[in-house]
Structure formats: C-alpha cells, structure tokens
Protein chains: 2
Amino acid sequence: MEQKEISRAVIKRLPRYYRYLGELMKDGVERISSNELSERMKVTASQIRQDLNNFGGFGQQGYGYNVPYLYSEIAKILGIDKQHNIIIIGAGNLGQAIANYTNFERRGFMIKGMFDINPRLVGMTVRGIEVYPVEQLEEFIKENDVQIAALTIPKTKAKEMAEKVISYGVKAIWNFAHIDLDLPEDVVVENVHLSESLMRLSYKVTHMDDNIKEIPR
Amino acid sequence: MEQKEISRAVIKRLPRYYRYLGELMKDGVERISSNELSERMKVTASQIRQDLNNFGGFGQQGYGYNVPYLYSEIAKILGIDKQHNIIIIGAGNLGQAIANYTNFERRGFMIKGMFDINPRLVGMTVRGIEVYPVEQLEEFIKENDVQIAALTIPKTKAKEMAEKVISYGVKAIWNFAHIDLDLPEDVVVENVHLSESLMRLSYKVTHMDDNIKEIPR
DNA sequence: AAAGATTGACACTTTTTTTACCAAAAGATA
DNA sequence: TATCTTTTGGTAAAAAAAGTGTCAATCTTT
C-alpha cells in the first residue's frame with residue numbers, strides 16, 4: 001500500500017510525535033496546528049507536515065490536526081495498536097529490569113515469559129512473569145504466538161540463541177548483547193548497545209570544548 | 001586542535017571499530033589492512049580509512065594498521081583511556097541492572113554510588129555500590145569528581161534531578177527517562193529511550209512486508 | 001634496488017534530510 | 001452568503017550529510 005520508502009529520520013521521529021500528542025491529550029487539547037506543535041517540539045512546522053504526509057493526510061486545512069485522531073493514527077503506523085507478545089531471553093538484572101517495566105504493557109507489548117539456562121533462576125517470577133528453562137522455548141513460542149525476543153544475555157551466547165528463537169518463529173530481536181547479529185533479511189533487529197551509548201557519551205564529554213571555538217564566525 | 005566537524009555517522013561507528021579491534025587483539029592479530037578489516041566489518045575500506053583519518057594518520061603505507069596501537073588510539077578518541085566517575089540516580093530495577101554490569105568498569109566507567117528518594121532503598125548496596133539519599137548529592141558529586149549521572153527515574157522527576165546534578169557540577173547525563181531534557185548547551189545528554197526503541201521495532205515488524213516488493217526492479 | 005602493498009588526502013557522487021512555497025480546502029467572521 | 005483567514009498537502013528546491021573512487025606518496029618486502 002505504501003510505495004515510497006520512508007526515511008530513517010522520519011521513523012525515528014514518530015515515537016516523539018506520539019509522546020507529545022499523548023501529553024496534549026492528557027491536557028485535554030482537542031486540536032493543534034503544525035505551527036503550534038512545531039513550537040512545542042522545536043522542529044519546523046514543515047517537517048511535521050511532511051513527516052505525517054508520508055503516511056497520509058491526517059489534518060484538515062484551516063483546522064489543523066485533531067489530537068486524539070492523530071494519536072491513534074500514529075499508533076497504527078507504529079503498529080502499537082495491536083498486541084505484541086514478547087519473551088525475554090536472559091533473566092539476569094537487565095532482563096528483570098525490563099520485565100518490571102510496566103509501561104511496555106500499556107503500549108501493547110505483553111511480556112509472556114522469561115528464559116534462562118541457569119537452573120537457579122528457573123521457576124522464579126518477576127511481577128508475575130515466570131522464568132522457564134530454555135528447553136521449553138520452542139513449545140512456548142509456538143503456543144504463545146511470540147513475535148519479539150529481547151536478548152539480555154552475554155554476547156557469547158547471543159547469536160546462537162537468536163538463531164534458535166528465530167527458527168521457532170520469532171520475527172524480531174530486541175538485542176541488548178554487544179554483538180552484530182547478522183541474521184536473515186526478513187528478521188527485524190533493533191539494537192540497544194548500552195556500552196556504545198556510553199562510549200558516545202564519553203566522546204561527547206571529551207570533545208565538548210572542541211566545538212566551542214566554532215561558534216564565533 | 002581538531003578543526004573540522006566530525007560527522008555523527010563517524011562517531012557512531014567508532015565504538016564498533018573499537019570492538020572489532022579488541023577482538024582482533026584477543027586473537028593475537030598484530031596488524032591489519034583497511035581492506036581486510038572492511039571484509040570482516042562489512043563496510044568499505046575507503047570508509048574505514050576516511051573515518052580514521054578524521055582523527056589522524058594511524059596507519060602506515062605498505063603495512064596497514066597496527067592493531068594494539070589503533071585500539072589504544074581509538075580509546076583516546078572516545079575518551080575511554082581516562083577514568084570517568086558515574087552516579088546512578090534512581091536505584092530501581094534499571095539502576096540496579098546498570099550497577100551490576102561490570103563491563104562498564106573495565107572501560108573506565110566507575111560507578112561511585114546510587115541515589116534514591118525512597119528511604120527503603122537507601123543503605124542498600126549493589127555489588128558493593130551503596131545507595132545514598134538525594135540530600136547527599138551535592139557533597140558526593142563534589143567529593144568524588146562525578147562527571148556523569150545516569151538518570152534511571154520516572155520522567156516526572158527527571159528534569160528536576162538533571163538540573164540539580166548539573167548545578168552540582170555533573171557534565172553529562174545518561175538519560176533513560178522518556179522525556180526531552182532540554183538543558184544548557186554545555187551539558188552533554190545521551191538518551192537511551194527504551195520505549196522508543198521498542199516502538200521502532202514494532203514499526204519495523206509491522207511494515208516488514210512493505211519493502212519486499214521493492215527488491216525486484 | 002625494484003616490486004608490491006597500502007595509506008592519506010582529495011574530489012566527486014550519491015543519498016538523505018530539511019526547508020520553502022503555494023494552490024486548494026476548510027473554518028471563521030460579519 | 002460572501003469574504004477573509006488559517007492551515008494543510010504536495011511538490012520542488014536547497015542544503016547537508018554520507019559514502020566512494022582514485023592516485024601520488026611512502027613504506028615493506030624481497
């Protein structure tokens with residue numbers, strides 16, 4: 001249905017639009033113009049309109065955008081109008097932290113279970129979410145229609161586990177392991193590399209002063 | 001010293017170069033050409049050379065790059081050759097998960113303490129890292145030369161706490177709260193927005209099939 | 001000393017991203 | 001109802017960013 005390629009920058013901005021619209025809704029705002037939104041979000045109005053127009057015309061001339069309507073349309077674009085079933089591979093600290101974060105479920109991301117090779121962790125529950133042994137992965141994925149697997153395990157085991165869950169039917173990997181999983185093209189991978197993030201932070205801190213001299217033109 | 005602006009894409013690739021070089025070192029590889037590295041990393045040799053040349057000439061004609069030397073030079077560029085002192089604001093699950101992750105310390109990121117408003121968490125220790133009350137923030141930051149604060153608290157309090165720690169001398173915020181902290185320009189902010197990451201993942205899963213029709217030309 | 005390898009620098013190309021513009025459509029006003 | 005104002009949607013243009021190719025210079029190896 002959508003023919004033209006959506007640019008990466010646009011996709012990155014969508015969740016932010018969604019967040020701002022959610023806040024507007026909370027404040028009871030019914031309608032908003034691209035101009036007003038642009039001031040709040042500190043982007044140009046033109047960019048907002050063009051971003052949204054990639055997916056269709058959600059506004060109306062002379063009126064602007066209806067906030068609840070646009071909010072729900074962006075949810076559809078992001079695919080968070082439907083439920084997604086998730087499992088967490090690796091029930092260590094990070095896995096548990098994610099399991100504990102209830103906001104994901106509000107957006108339709110249902111954490112169905114956690115898995116670990118460590119027998120000591122198996123049987124434990126976090127916020128009602130149980131830890132299963134990896135032997136039960138295949139059955140669990142198929143029975144619970146699991147689409148997404150969060151990988152919160154050391155990098156040594158990450159690739160193996162990714163390939164395993166994909167062979168069982170998982171469509172997407174939310175990868176917290178610091179490794180390049182090169183997987184088949186039809187598998188979605190979203191990386192969260194905390195150590196890289198921290199290195200970029202370090203880079204910025206280290207080179208902070210470099211740019212100051214650039215401002216005077 | 002460095003005059004030309006380094007592009008964002010280059011900075012994003014630096015940690016990956018660093019990771020690959022680290023693995024080469026582990027394997028005892030002494031030298032590598034941009035060509036060989038390009039094959040392993042699946043980028044062009046030209047890109048590797050140009051990326052590195054933004055920061056100086058680390059290679060040698062006819063020889064290539066000395067792996068340990070290049071590794072240590074990239075560490076310098078990233079600023080991870082020096083120690084960085086970190087505090088974690090918010091001793092909940094995510095804060096604890098980060099505190100437990102020992103790899104950061106191997107790269108020189110020393111987690112000096114955690115802080116929380118919840119009196120029940122104060123006094124607790126995670127891997128030897130103590131949780132302090134927020135009242136002690138100012139003193140602690142000044143005494144421990146804290147440069148970086150990781151914000152792992154709900155977004156309602158995030159901005160306030162960010163401003164507070166900055167006023168006490170923190171230079172950089174590693175922001176896990178789902179909010180735009182617009183802070184002074186001389187403060188470094190690195191965002192880790194897990195919910196946005198998950199939404200992008202959802203987008204990709206939802207629109208996975210859209211692109212398949214594009215491949216046949 | 002000659003041959004081979006490989007970088008560093010530059011210029012060029014391509015891609016991506018952003019901004020500007022304006023006709024058309026709807027709302028607001030009187 | 002007619003007119004004025006607002007604001008979108010779509011297109012085109014501009015700007016910025018990112019990536020690639022080339023080759024002289026220089027080092028290694030034989």
Side-chain angles (χ1 to χ4, degrees), chain A residues 1-17 21 24 29-71 73-74 77 200 203 211 214 217, chain B residues 1-17 21 24 29-71 73-74 77 200 203 211 214 217:
Chain A
M1 194 163 289
E2 282 139 27
Q3 57 277 61
K4 58 192 154 202
E5 184 79 29
I6 308 296
S7 86
R8 182 179 301 211
V10 173
I11 297 165
K12 266 182 111 174
R13 281 192 292 267
L14 287 176
R16 189 153 175 265
Y17 290 134
L21 288 164
L24 286 169
V29 178
E30 256 302 299
R31 56 184 266 191
I32 194 160
S33 68
S34 58
N35 215 17
E36 204 184 323
L37 188 56
S38 83
E39 281 170 22
R40 295 189 186 235
M41 296 189 60
K42 290 175 186 167
V43 294
T44 64
S46 195
Q47 183 166 73
I48 293 175
R49 292 204 300 275
Q50 189 178 267
D51 281 355
L52 297 176
N53 270 76
N54 279 299
F55 303 98
F58 303 121
Q60 226 164 16
Q61 287 96 329
Y63 175 89
Y65 297 88
N66 178 279
V67 173
Y69 172 67
L70 184 56
Y71 184 75
E73 285 299 312
I74 294 180
I77 294 165
R200 282 193 291 272
Y203 176 91
N211 302 326
E214 281 170 18
R217 183 188 327 188
Chain B
M1 194 165 287
E2 282 138 27
Q3 58 276 64
K4 58 192 156 201
E5 183 80 31
I6 308 296
S7 85
R8 180 179 303 212
V10 174
I11 297 166
K12 265 183 111 173
R13 282 192 290 269
L14 287 175
R16 188 154 176 265
Y17 291 134
L21 288 164
L24 286 169
V29 178
E30 256 303 300
R31 57 184 263 192
I32 193 158
S33 67
S34 58
N35 217 14
E36 203 184 325
L37 188 57
S38 83
E39 281 170 21
R40 295 189 187 233
M41 296 189 61
K42 291 178 186 162
V43 293
T44 64
S46 194
Q47 181 165 77
I48 292 174
R49 292 203 301 275
Q50 188 176 268
D51 281 354
L52 297 176
N53 272 76
N54 278 299
F55 304 98
F58 304 120
Q60 228 165 14
Q61 288 97 328
Y63 176 90
Y65 297 89
N66 179 279
V67 174
Y69 172 67
L70 184 55
Y71 184 76
E73 285 299 312
I74 293 180
I77 294 165
R200 282 193 290 274
Y203 177 91
N211 301 327
E214 280 170 19
R217 183 180 325 203

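All values below were derived from every heavy atom in this structure, side-chain atoms included, with hydrogens, water molecules and symmetry-related copies excluded. Lettering of chains follows the sequences in order, A, B, ..., and the numbering in each one begins at 1.
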**Study point:** side-chain N/O B:Ser7 vs D:dA18 OP1/OP2, d < 4.0 Å
**Key:** yes
Exercise for review: Give, for atom CD1 of A:Ile11 and atom OH of B:Tyr203, the distance between the pair rounded to the nearest 0.5 Å.
Suggested key: 4.0 Å
Point to revise | Under 4.0 angstrom between A:Arg49 side-chain N/O and D:dG9 OP1 or OP2 | key: no
Exercise for review: Taking only the side-chain nitrogens and oxygens of A:Thr44, find out if one of them lies under 4.0 Å from OP1 or OP2 of C:dT19.
Suggested key: yes
**Study point:** Point-to-point distance, once rounded to the nearest 0.5 Å, from CG of A:Leu37 to CD of A:Gln47
**Key:** 11.0 Å
Review point. OP1 or OP2 of D:dG19 sitting under 4.0 Å from any side-chain N/O of B:Arg13?
Key: yes
Practice item. Starting at atom CD1 of B:Ile32, determine the distance to atom C1' of C:dA5, rounded to an integer number of angstrom. Key: 15 Å
Point to revise | Straight-line distance of B:Leu52 CG to B:Leu14 CG, nearest 0.5 Å | key: 8.0 Å
Exercise for review: Look at the side-chain N and O atoms of A:Tyr65 and state whether any lies under 4.0 Å from the OP1 or OP2 oxygen of D:dT6.
Suggested key: no
Review point. So does B:Gln60 get a side-chain nitrogen or oxygen closer than 4.0 Å to the phosphate oxygens (OP1/OP2) of D:dC27?
Key: no
Exercise for review: Hey, could you give me the CD/OH distance between B:Glu36 and B:Tyr65, rounded to the nearest 0.5 Å?
Suggested key: 13.0 Å
Practice item. Starting at atom OH of B:Tyr63, determine the distance to atom C1' of C:dG4, rounded to an integer number of angstrom. Key: 17 Å
Check your understanding: Expressed in angstrom and rounded to an integer, what is the separation of A:Leu37 atom CG from D:dT8 atom C1'?
Key -> 14 Å
Practice item. Please report the shortest heavy-atom distance between A:Ile6 and A:Phe55, naming the atom on each side. Key: CG2-CZ, 3.7 Å
Review point. A:Gln61 side chain N/O closer than 4.0 Å to the phosphate oxygens (OP1, OP2) of C:dA24?
Key: no
**Study point:** Nearest-nucleotide pick for B:Gln50, side chain only, options being C:dT18, D:dT7, D:dT20
**Key:** D:dT20
Exercise for review: Please report, rounded to the nearest Å, how far the P atom of C:dA11 is from the CG atom of B:Asn53.
Suggested key: 15 Å
Practice item. Could you tell me the separation between the CG atom of B:Asn54 and the C1' atom of C:dA9, rounded to a whole number of Å? Key: 11 Å
Review point. Do B:Ser46 side-chain and D:dG21 base share a donor-acceptor contact under 3.5 Å?
Key: yes
Point to revise | Length of the line joining A:Asn66:CG and C:dG27:C1', which is rounded to integer Å | key: 15 Å
Practice item. Measure from CD on A:Glu5 to P on C:dT16 and round the result to the nearest Å. Key: 8 Å
Revision key, fill the gap. To the nearest angstrom, the NZ-P distance between B:Lys42 and D:dT20 comes to 16 Å
